[in-house]
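Below is one structure, written out as structure tokens, with a few remarks after it.
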Amino acid sequence: MNTSKKQRLELTWIGKENRPKLEPRILIEDPEKSYHAAHRVGESDLFDNRLIFGDNLLALKALEQEFTGKVKCIFIDPPYNTGSAFEHYDDGVEHSIWLSLMKDRLELLRRLLSEDGSIWITLDDNEAHYLKILGDEVFGRKNFIANVIWQKKYAPANDSKWLSDDHDHLIVFAKNKEIWRPNKLSRTDAQNRLYSNPDNDFRGEWMSDNYTCAKSIDERPNLYYKIINPNTQEIILPKKTRVWAYDQQAHLRHIQENMIYWGKDGKNSTPRLKKFKIHLRDQGRVSGTIWSYEEVGHTQDARREVLALNSNDPFSTPKPEALLKRIVELGSNPSDIVLDSFLGSGTTAAVAHKMGRRWIGIELGEHCHTHCIPRLQKVIDGTDPGGITEAVGWKGGGGFRYYRLAPSLLEKDKWGNFVINPTYNSAMLAEAVCKLEGFTYAPSDTVYWKHGYSTERDFIYLTTANLNHDQLQQLSDEVGSDRTLLIVCTAFRGRKEGYPNVTVKKIPKAVLNRCEWGKDDYSLKVENLPKAPLPLGQQELL
């Protein structure tokens, strides 16, 4: 670790400064794999969910232009870096690579989060504490919310060599802690059973609460006063180390409103305050930071859920739907966008769908097709009875669109020169160039040179034609003096200057140095990355 002049604590590791120049790919929908309910089930059915197949770093970059600042809740369950994926590398190099790959993803995820959004990251002890410091760097230490402990096992592992590993961590950050607030959880049946109405109070069921607080007489002398039990006339004083929770004026109001409870026989030596259930109806309960398996499930619950969906090839490391329900409930509201860029077997998407949230799921593995799609189809059809289906009253409905990442815009020809990928048609090319240049792709049906816009008066036109002076002049005249146009073409003849409202760029030359062209895999696989050499005599700094 190192410390700057501002006392900012950061992790330092080999290769941290090497950042990828990501290509902002376009997404191509495959209607054959998209899926929608045969009919509308409810008025709140959502059909614009997205399942994206491809490298998750490139996919996040592809989403950046459209979804920056729009995602309310992010959950990711990244590889835990236990060593199994990095068996041919020493621990130091493996750890450095893991940190680099996570930093790249966290920075993109932060940009996608709304100002009142949050991110929830589940890990075990191998990397959770490093991730916390890395998260401090990316999100700001002031935006750290909590380290939630999830009890993932219902029984200790008696064959453990050291201590039984019974929990995972959920590292939680907000985009802006000053404005982010978690939702309240629904009240449990056990909590509701605490309320009754033994005195037939017209306000309904109530429970009694403590009338003292953890303050001393020295701290709050105004809260140290005499109270008289009206039934026994006993004079009562609180402890000097734990005074009354209410001042005398509030206490008199409680007496007038029949808010004081003196026990079944009226002879308690300490008063209690009546708290009515009707006042708690919309408040719910605050979540703690320790989540037991009784509340949110355990790994065996998750295993049973995926076995019910795919008994022949169950996903190996699922999370229980109840755990994701807790996160989605705390971090989002109906119709908000929930994103998972390590979708795995599709649990986050399934839970978000059942809870009426819009969702974006990204998965590179083939289980996107073998596990995620069949699972989500069952959710949409209403034929998935497991998980949280009964708890939320899910009946089916909605749908999703399946996308894959487009290939790289540029590729090398047989002479080693970058050329436009021949698989791109004119529409794909126009959309890709719009994304590269920061324009919103919105082709006009009536004006041929309006392929996209950056403002109401700034447009972009992409053409593979060889433009000449007369064509540029004609375009300039059509655009007019109160608008501007960026023309991206493959070739032009003559001068490109002299048109005050038109800028001309030649592709691919204009974008050659923008990105790492032709790289399709930034996944968490060591074999995809160069091994960073250690300086002579220097070990990795952590």
Side-chain angles (χ1 to χ4, degrees), residues 20-29 48 50 52 54 57-71 107-108 111-112 114 337 360 401 403-411 418-421 423-467 471-492 496-518:
K21 296 169 69 175
L22 298 172
E23 177 187 357
R25 305 279 183 95
I26 62 173
L27 297 170
I28 302 172
E29 183 178 1
D48 59 345
R50 299 191 181 200
I52 302 171
L57 192 60
L58 285 171
L60 290 173
K61 186 67 177 177
L63 293 170
E64 184 178 25
Q65 183 184 47
E66 182 179 355
F67 288 96
T68 289
K70 295 182 180 179
V71 178
E107 288 179 342
L108 274 169
R111 289 198 283 273
L112 295 176
S114 61
I337 299 176
I360 301 172
R401 293 180 176 179
Y403 294 88
R404 57 180 172 84
L405 285 168
S408 184
L409 175 63
L410 302 183
E411 67 175 20
F418 276 108
V419 295
I420 295 173
N421 193 320
T423 63
Y424 273 66
N425 59 35
S426 57
M428 290 170 61
L429 183 59
E431 184 179 357
V433 172
C434 280
K435 186 165 281 193
L436 276 168
E437 295 294 337
F439 284 72
T440 298
Y441 177 63
S444 170
D445 294 330
T446 56
V447 182
Y448 73 94
W449 49 263
K450 286 186 178 181
H451 283 157
Y453 64 89
S454 64
T455 68
E456 292 182 354
R457 297 192 173 277
D458 184 34
F459 301 93
I460 186 172
Y461 171 49
L462 186 284
T463 178
T464 55
N466 188 340
L467 299 179
Q471 291 168 315
L472 290 175
Q473 185 63 59
Q474 180 183 347
L475 282 165
S476 178
D477 292 342
E478 289 188 29
V479 171
S481 59
D482 62 341
R483 295 182 294 192
T484 53
L485 179 66
L486 171 62
I487 300 174
V488 181
C489 58
T490 54
F492 61 86
K496 60 179 180 179
E497 296 80 17
Y499 313 98
N501 56 350
V502 170
T503 302
V504 182
K505 290 184 179 182
K506 184 179 178 181
I507 191 172
K509 183 179 179 180
V511 298
L512 273 180
N513 297 321
R514 299 267 193 95
C515 312
E516 295 175 336
W517 305 104

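Side chains included, hydrogens not; waters and symmetry mates left out as well; all remaining heavy atoms used.
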Are any of the side-chain heavy atoms of Y403 and R50 separated by less than 4.5 Å?
-> yes
Roughly how far, to the nearest 0.5 Å, is OG1 of T463 from CG of L475?
-> 9.0 Å
Check W517 against V511 and note the closest heavy-atom contact, atom names and distance.
-> CZ2-O, 3.1 Å
Between R25 and A62 the two heavy atoms that sit nearest each other are O-CB, 3.2 Å
Do other residues, nucleotides or ligands put more than 12 heavy atoms under 6.0 Å from the CZ atom of F418?
-> yes
Within the side chain of N501, is there an N or O that forms a donor-acceptor pair under 3.5 Å with the backbone of T484?
-> no
Less than 4.5 Å apart, any side-chain heavy atom of Y461 and any of L486?
-> no
To the nearest 0.5 Å, atom CG of D48 lies from atom CD1 of I360 at 9.0 Å
Test item: P24 and K435 side chains (from C-beta on) under 4.5 Å apart, heavy atoms = yes
Write down the atom of Q65, the atom of T440, and the distance for their closest heavy-atom approach.
-> NE2-N, 4.1 Å
Decide, yes or no, whether a salt bridge links K61 with E23 under the criterion of side-chain N to carboxylate O below 4.0 Å.
-> no
Should L485 and D458 count as side-chain neighbours, where that means a heavy-atom distance under 4.5 Å?
-> no
Contact summary for I460 and V488, nearest pair of heavy atoms = CD1-CG2, 4.2 Å
D482 atom CG: more than 12 heavy-atom contacts under 6.0 Å = yes
Rounding to 0.5 Å, atoms NZ (K506) and CG (L512) come to a distance of 10.5 Å
Donor-acceptor contact below 3.5 Å, side chain H451 vs main chain L462 | yes
Checking R404 side chain against G54 main chain: does a donor-acceptor pair fall under 3.5 Å?
-> no
Starting from the C-alpha separation in whole Å, work towards a yes-or-no answer on side-chain contact (heavy atoms from CB on, under 4.5 Å) for K70 and L112.
-> CA-CA 6 Å; K70 295 182 180 179; L112 295 176; over 6 Å; no
Could you tell me whether the side chain of N421 and the main chain of Y424 form a donor-acceptor pair under 3.5 Å?
-> no
If you take all heavy atoms of L22 and C515, which pair is closest and at what distance?
-> O-SG, 3.7 Å
Answer yes or no: is there a donor N or O on one side and an acceptor on the other, between the side chain of T68 and the main chain of E64, under 3.5 Å?
-> yes
Determine, using ring centers only, whether F459 and F439 are less than 6.0 Å apart.
-> no
Do V419 and L410 touch side chain to side chain, with heavy atoms closer than 4.5 Å?
-> no
State, yes or no, whether a side-chain contact exists between L409 and I26 at a heavy-atom distance under 4.5 Å.
-> no
Where do A427 and Y441 come nearest, in terms of heavy atoms and distance?
-> O-OH, 3.6 Å
For the residue pair Y499 and I487, establish whether any side-chain heavy-atom pair is separated by less than 4.5 Å.
-> no
Got a sec, which residues hit side-chain contact (heavy atoms from CB on, under 4.5 Å) with A491, two or more places apart in sequence or on another chain?
-> N466
For residues V504 and L467, determine if any side-chain heavy atom of one lies less than 4.5 Å from a side-chain heavy atom of the other.
-> no
Has the side chain of K450 got a donor or acceptor atom that lies under 3.5 Å from a matching backbone atom of A442?
-> no
Are R483 and E478 ion-paired here, with the side-chain N under 4.0 Å from a carboxylate O?
-> no
Rounded to the nearest 0.5 Å, what separation is found between the CG atom of L472 and the SG atom of C489?
-> 7.0 Å
